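Working notes for the structure below.
Note that this is a predicted model, so its numbers are computed, not measured.
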2 protein chains.
Amino acid sequence: MSDPCMASVSHLSAKCLRHKLCQELSKMDYRPTQQQTWRPTTAKDKGIWVIYGNGVYDITEYVAQHPGGTKILMAAGKSIEPFWEVYSVHKNDEIFEIMESYRIGNIKEVPAKSATKSANDPYKDEPIRSPLLIPSSEKPFNAEPPVQMLAEKFLTPNDLFYVRNHLPVPCVCIEDFTLDLALSTGKPSLTFKELTQKFPKRSVTAAIQCAGNRRSEMVKVKPVKGLNWGSAAISNAKFSGVSLNELLKHYNVDIDTVRAKYIVFEGLDTQPDGSPYGASIPLELARMLKDEIIIAYEMNGEPLPRDHGYPLRIIIPGVVGARQVKWLKKIYFSPEESTSHWQRRDYKGFNSSTDWHNVDFDKSVSISQLPVISAICDPVDGQELEEGAEEVTLKGYAWSGGGRGIIRVDVSADGGETWHEATLKPNGQTPYHSYAWTLWEADIPLPEGATQTQLVVKAVDVSYNVQPDSVAGIWNLRGCLSNAWHRVNVTVPPARV
Amino acid sequence: MSDPCMASVSHLSAKCLRHKLCQELSKMDYRPTQQQTWRPTTAKDKGIWVIYGNGVYDITEYVAQHPGGTKILMAAGKSIEPFWEVYSVHKNDEIFEIMESYRIGNIKEVPAKSATKSANDPYKDEPIRSPLLIPSSEKPFNAEPPVQMLAEKFLTPNDLFYVRNHLPVPCVCIEDFTLDLALSTGKPSLTFKELTQKFPKRSVTAAIQCAGNRRSEMVKVKPVKGLNWGSAAISNAKFSGVSLNELLKHYNVDIDTVRAKYIVFEGLDTQPDGSPYGASIPLELARMLKDEIIIAYEMNGEPLPRDHGYPLRIIIPGVVGARQVKWLKKIYFSPEESTSHWQRRDYKGFNSSTDWHNVDFDKSVSISQLPVISAICDPVDGQELEEGAEEVTLKGYAWSGGGRGIIRVDVSADGGETWHEATLKPNGQTPYHSYAWTLWEADIPLPEGATQTQLVVKAVDVSYNVQPDSVAGIWNLRGCLSNAWHRVNVTVPPARV
């Protein structure tokens, strides 16, 4: 695979793009501060600029006229090109002409620093990624899409699907690849071709969520260890592949009677000592899901992308992302949980009085199914609404683990004093086998005369589970399971008279 | 059945007992006020008395010496005899002797008022009930056991199991009784004998909970319509009977393929217009539970008591009590929910901004599976702990609907500032098929020097669902689903020096 930093501008990785911005804009007359460039929420005060080609454009004045509203702010301080790849209506002469009137300077290409990357770097073969992704760490690569884009599509486009890697992305030669099963009836190894051709293709549409989604809210209560995820460490896709149950049956293994307590999955991604990423789920849970667990080789109709497990990922709907092992290499039954770090010493819940000096990971149950959650994707925290706005349109997602469908989403524009029911967009699944997320939307009145207010969302699942009110009540040392009411602060400038 | 009010003293109904107390004690020299008799939490100030036989005893001075501690306060203002039926260690000469030293007066028997009960009273044939039950309504009869007794036994004794009746208790002549099935394959009617002899006996241990359990806490936020339940409208029992799935199979009905959306249950209890109590659950849920739904004729090894559905009750584990139809008469499949009031116009959830002027019952999903809940049973709210106590022992229950086992119970002795993990008593069930409740216990330090404090409990289920922090956030016009953190205020008198 070619070095991502040598690719054309429109496919530059986020890292390279930022590198260029920092290196090159420092030579220009216009020098935006860190705050100005990366926190574009105070547009009118500090100036908003974007780059296109080699041009730098100050669009501060234009924002109010933008037909797509404040969405343009997603590109503030960045190249606007990857956004135009998604919103392609922009690529026309009229818009290029408008753009030119805002040009404030130019950047020039320099050889990318990463061209000197060491041949020993375990991360030297990372895939090319969408520059739209917002990384929370580079090595291993972890990133979420801009949260405003998340609620736009029921199926998250593959290149925007949040990425949670624990280790370098393996390079897989598909001709040599096998999936290895260790069963009581034998130890078959299946080639990719056998898997895709011998077994019927099954599909499930499911949201996958990182246990640390919305961790950044928990950090505000007290520091935690973990990636500083916003609200977009969750995405939704249609996964297709082989039914685990059908595969096991083919080898005369009956999941209902097999003698074991756990089913263990191992990936091709390895630690420096050679041990693989591993995870397990209780066999009881696998029995309940049965035909719904899929060894996926497709994601939204395309081959599984490298960042999402190419060639195979185990899809266990309703369960935390960490158990849905990517680059799946091995499956076996066991009397005990996976012995991996991530099963035994991570991804567990604790109460808020447990800290690193008194934590006992052995006493806590590994996270499998996740609880009910929701988030406002649009507007974003700190956003300035229209001058004199009397109502606001909220968009977001809601989801619960264990296949529990969402039955109600409540939204508030006054910090949770009064509530309105959002309109749910049916996900096409049944209430107790609802693995996809539910997108929702609501137009609600803003408090009269308020110049700032807090928007809030909370969801209810079919088992009438609700989200906890406060982050403080669920704080835990790893910052997992951050599913309190989601709060977004916005300002409303008074109408001009 | 004989009039309960003519029965011997030790079997007097709570109603009759209170009637007697009010009628008779008014003739005595000692006249406790309402507050003194029914809210025995300020013992040392106002005097505590109990009755035994025809004696009235002021035990104020004795409470501190009682080997069972403040449990004796459960009988304050009442006959102590039904408690001694449970705690039978008390029936000995030594204790009778101690008692006599506290006698302050006597009561004399009068003909009970209810002996004049009308023959037209639809409630004339109600069963005899334990006087330990605390009624929230008399007609229909609804009552919960003293909450302190609830966490004492994993299986709630039948006569202490909370009672939730919507209508008069039917009188069933077992020889004439049939269970009627309306199936696509026929309309069989089964006698009680056929049911109990033709099919294998299956059992499930399950907690049943009223949707309104802990409603009294919601009332404090804003009035709601509903019985003013404390924390004991939940109980746990082993139910035995015929597997619904096996019965259907016997009549060639496959629950997985039957064309319908709901399974409907009707009781023998009828409204004045002759229509029966009815409820339904989605067929999807019935399919998931399958062999776990039981047509019960036994409860804790005894014939189903009249108050709990004699001769048959449908047991749908993990689901709200209201769907577990008592005096079960008819089962059928339907394309729509039960049309009963209780399915369509009751037992649904709403947000806290929905009130009677804007409620639309059709828009809300009927409650089936319940969310995670817990409660402190001992100490009780308002209780005075031992003088100078430095720690407190908490006991209670935790449970979640949908078979989700309890994985953690957190308790606090400082209003939720710091948390300790309670010790769970395993319920013997598996994490994802955990229908029984989990009792728990914790010895935790009291805040140093505090003379009053708030004890708190919250539980976590296997899907990491948590309880909401505050009652206000889940308030709803019917006062259902009151599962916020449970808070109990206690006082700690300073140690005497």
Side-chain angles (χ1 to χ4, degrees), chain A residues 211 282-285 287-288 318-320 348-354 360 363-372 400-405 407-412 416-421 430-433 458 460-470 472-474 480-481 483-485, chain B residues 211 282-285 287-288 318-320 348-354 360 363-372 400-405 407-412 416-421 430-433 458 460-470 472-474 480-481 483-485:
Chain A
L283 200 45
E284 185 186 10
L285 180 53
R287 285 172 177 149
M288 287 164 68
V319 158
V320 65
K348 296 191 170 193
F350 300 93
N351 70 34
S352 54
S353 293
T354 303
D360 180 355
K363 274 187 70 181
S364 176
V365 173
S366 304
I367 300 171
S368 296
Q369 288 183 350
L370 287 171
V372 60
S400 189
R404 296 183 299 275
I407 61 166
R408 199 179 81 226
V409 169
D410 299 327
V411 288
S412 169
E417 283 300 303
T418 55
W419 296 93
H420 306 264
E421 263 194 65
T430 55
Y432 294 93
H433 294 77
K458 60 184 172 77
V460 183
D461 75 20
V462 73
S463 194
Y464 271 99
N465 283 298
V466 298
Q467 298 178 231
D469 317 25
S470 77
I474 50 167
C480 293
L481 306 156
N483 73 328
W485 299 1
Chain B
L283 199 45
E284 186 186 10
L285 180 52
R287 284 173 178 150
M288 286 164 67
V319 158
V320 65
K348 296 190 171 195
F350 300 93
N351 70 36
S352 54
S353 294
T354 303
D360 180 354
K363 274 188 69 182
S364 177
V365 173
S366 305
I367 300 171
S368 296
Q369 288 183 351
L370 287 171
V372 60
S400 189
R404 295 183 300 274
I407 60 165
R408 200 180 79 227
V409 169
D410 299 326
V411 289
S412 169
E417 284 299 304
T418 53
W419 297 94
H420 306 264
E421 266 194 63
T430 55
Y432 294 92
H433 294 77
K458 60 183 171 77
V460 183
D461 75 19
V462 73
S463 193
Y464 271 99
N465 284 297
V466 297
Q467 297 176 232
D469 317 24
S470 77
I474 49 167
C480 293
L481 306 156
N483 72 328
W485 298 0

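- Options B:Q467, B:H420, B:H433 differ in how many heavy-atom pairs under 4.5 Å they form with chain A, and the most are formed by B:H433.
- The contact between A:L481 and chain B is made entirely by side chain atoms (from C-beta outward), counting heavy-atom distances below 4.5 Å.
- For the options A:V460, A:I474, A:D469, heavy-atom pairs under 4.5 Å to chain B are most numerous at A:D469.
- The main-chain N or O of B:T418 is never found under 3.5 Å from a side-chain atom of A:S353 such that the two would form a donor-acceptor pair.
- Side chain of A:Q369 to backbone of A:V319: no donor-acceptor contact under 3.5 angstrom is found.
- Across A:L285, A:N351, A:V365, the residue that shares the most heavy-atom pairs under 4.5 angstrom with chain B is A:N351.
- The contact between B:P282 and chain A is made entirely by side chain atoms (from C-beta outward), counting heavy-atom distances below 4.5 Å.
- Applying the salt bridge (Lys or Arg N to Asp or Glu O under 4.0 Å) test to B:K458 and every residue at least two apart in sequence or in another chain returns B:D410.
- Using a 4.5 Å cut-off between heavy atoms, A:R404 contacts chain B through its side chain alone, with no backbone atom that close.
- The ring pair (Phe, Tyr, Trp, His ring centres under 6.0 Å) search around B:F350 returns B:F361, not counting sequence neighbours.
- Using a distance-only test at 3.5 Å, with no hydrogens or angles considered, no donor-acceptor pair links the side chain of B:Y432 to the main chain of B:G403.
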